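This structure is a prediction, so every number in the text was calculated from the model and none was measured. In the text below, chain A, chain B and the rest are named by the order of the sequence lines, each starting its count at 1.
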Amino acid sequence: MGLIERKLPDNVLTTSVDTVINYCRKSSIWPVTFGLACCAIEMMACGAAKYDFDRMGIIFRGTPRQSDLMIVAGTVTRKMAPVVRKVYLQMPEPKWVIAIGSCATSGGIYNTYSTVQGVDEIIPVDFYVPGCPPRPEAFYDAIVALQQKIMTEKVIRK
Amino acid sequence: MTFEQLVQNLDAQFSGKLNCYTEYKCNFIKVKDASVYKDVLKALKNDASFLYIVDVVATHWPKKKEKFEITINLFSIQNKLRIFVKVAGEDNKFPSITDIWKGADLMEREQYDLMGIIFEGHPNLKRVLLPEFFEGHPLRKDFPLKERAWFNNADEQGLGLKFSR
């Protein structure tokens with residue numbers, strides 16, 4: 001650091017390209033809302049005024065093609081499973097998945113003939129949030145953990 | 001018209017073939033002789049103003065002799081009166097009532113889908129909630145609760161999904 005000390009103007013910062021790209025990615029996570037059951041109500045509460053996802057740069061999108069995060073909130077049935085997979089495939093890289101609630105993580109109480117026992121049977125999941133439904137604080141925990149994970153990723157050289 | 005008046009009219013027409021009673025503030029008409037089942041329903045619609053069919057319910061009683069029971073929930077908007085018409089049978093075949101109330105179409109399909117009731121005379125009796133490749137009728141009491149082997153019966157959208165749990 002001694003080499004460039006005081007040789008640059010005061011308003012110039014030095015950093016790596018990876019850090020800049022990751023900082024941009026983590027500060028503007030646009031999730032596609034995959035609300036399937038009551039957990040979706042909790043997801044709406046997170047987006048509303050009190051918990052306010054917007055201040056994290058999270059803006060819900062109605063289409064997978066503009067999104068880089070998929071929040072699967074609720075019970076995934078066998079009939080819905082191909083749709084979840086198809087929406088996931090339509091998302092551009094980079095993409096992450098958060099499974100919200102007991103049902104999406106493991107099937108929960110629905111150990112029955114129609115329910116998929118965890119959404120990770122269909123798509124890769126980055127973070128699991130337990131709870132029935134989880135509180136908005138738990139949602140935030142997953143978002144913050146995802147932001148930390150994004151900051152560790154390598155973009156330019158793998 | 002109150003339920004008592006309705007019972008009087010019905011008893012005059014179908015004497016001895018009905019069992020009408022009020023239980024838990026609900027009005028029931030149990031059809032004992034299944035051969036007059038549709039005549040009772042036609043009389044209820046045409047003579048007693050029960051134009052609105054609310055629901056068709058099927059019940060499975062595996063230990064009883066008459067294993068299946070149909071409950072038809074009717075409402076008279078004119079008289080503000082709700083009745084439940086019940087009929088039971090040993091096998092799962094019942095006459096369709098779609099020729100009396102067209103609105104019974106989807107309700108009967110749902111009962112066929114989940115309970116396996118064959119409604120004879122229904123115009124389009126096929127599954128409505130479950131996928132086409134499902135086997136069996138899951139709301140019967142003898143259906144295994146954790147029956148998930150059918151998950152891999154079809155790959156309907158060609159996505160290569162495999163279910164193991």
Side-chain angles (χ1 to χ4, degrees), chain A residues 32 34-39 63-65 67 70 72 74-93 95-130 132, chain B residues 55-63 67-69 92 105-118 122 124-165:
Chain A
V32 57
F34 218 98
L36 294 167
C38 43
C39 285
T63 163
R65 298 184 193 279
S67 310
M70 186 160 139
V72 185
T75 321
V76 186
T77 58
R78 171 61 183 84
K79 214 175 165 183
M80 200 65 185
V83 184
V84 180
R85 175 78 182 164
K86 220 167 190 176
V87 170
Y88 175 76
L89 291 175
Q90 285 173 359
M91 286 163 60
E93 293 278 356
K95 53 188 172 185
W96 299 277
V97 175
I98 296 179
I100 294 286
S102 310
C103 299
T105 54
S106 70
I109 60 167
Y110 298 106
N111 192 359
T112 61
Y113 66 92
S114 61
T115 308
V116 176
Q117 301 298 298
V119 73
D120 51 1
E121 286 217 84
I122 315 161
I123 51 177
V125 178
D126 292 282
F127 291 99
Y128 300 88
V129 182
C132 189
Chain B
D55 209 355
V56 174
V57 183
T59 324
H60 186 207
W61 301 99
K63 289 175 187 166
K67 281 193 167 47
F68 293 95
E69 188 179 56
N92 58 348
D105 185 317
L106 278 169
M107 301 167 187
E108 289 189 344
R109 273 179 71 184
E110 187 181 340
Q111 296 311 329
Y112 162 73
D113 190 1
L114 299 170
M115 198 66 92
I117 309 285
I118 311 284
H122 191 285
N124 182 27
L125 197 64
K126 59 181 188 185
R127 288 193 185 278
V128 60
L129 293 172
L130 292 161
E132 295 291 324
F133 55 89
F134 190 87
E135 287 160 17
H137 303 284
L139 288 195
R140 286 197 185 177
K141 297 289 177 197
D142 48 11
F143 189 87
L145 177 68
K146 297 172 186 177
E147 171 57 54
R148 284 192 287 270
W150 66 278
F151 274 26
N152 292 315
N153 277 4
D155 189 13
E156 64 268 40
Q157 301 215 12
L159 296 166
L161 292 179
K162 279 274 182 293
F163 296 90
S164 54
R165 290 204 289 272

Between CZ of Phe151(B) and CD of Gln117(A), what distance do you get to the nearest 0.5 Å?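 Reported value, rounded in 0.5 Å steps: 7.0 Å.
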Return the OH to CH2 distance between Tyr113(A) and Trp150(B), rounded to the nearest 0.5 Å.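 Going from OH on Tyr113(A) over to CH2 on Trp150(B), the span is 8.5 Å.
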Using non-hydrogen atoms and a 4.5 Å limit, figure out which bit of Thr77(A) sits close to chain B: side chain, backbone, both or neither.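 Neither part.
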Distance-minimising heavy-atom pair for Ser164(B) and Glu121(A):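 Distance-wise, the nearest heavy atoms are N-OE1, 2.8 Å.
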Does [Y] offer a backbone N or O that forms a donor-acceptor pair with the side chain of [X] under 3.5 Å?
X: Gln157(B); Y: Val83(A); answer: no
X: Arg148(B); Y: Thr112(A); answer: yes
X: Lys86(A); Y: Leu159(B); answer: no

Neighbour count above 12 (heavy atom, 6.0 Å) for Phe127(A) CZ: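 Yes, the 6.0 Å shell around CZ holds more than 12 heavy atoms from other groups.
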Heavy atoms, side chains only, cut-off 4.5 Å: are Phe163(B) and Arg78(A) in contact?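 The answer is yes; the side chains approach within 4.5 Å.
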Quick one: which of Gly136(B), Ala149(B), Pro138(B) has the most heavy-atom pairs under 4.5 Å with chain A, could you say?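 The residue among Gly136(B), Ala149(B), Pro138(B) with the greatest pair count is Pro138(B).
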Please flag which part of Leu161(B) lies under 4.5 Å from any non-hydrogen atom of chain A: side chain, backbone, both or neither.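 Side chain only.
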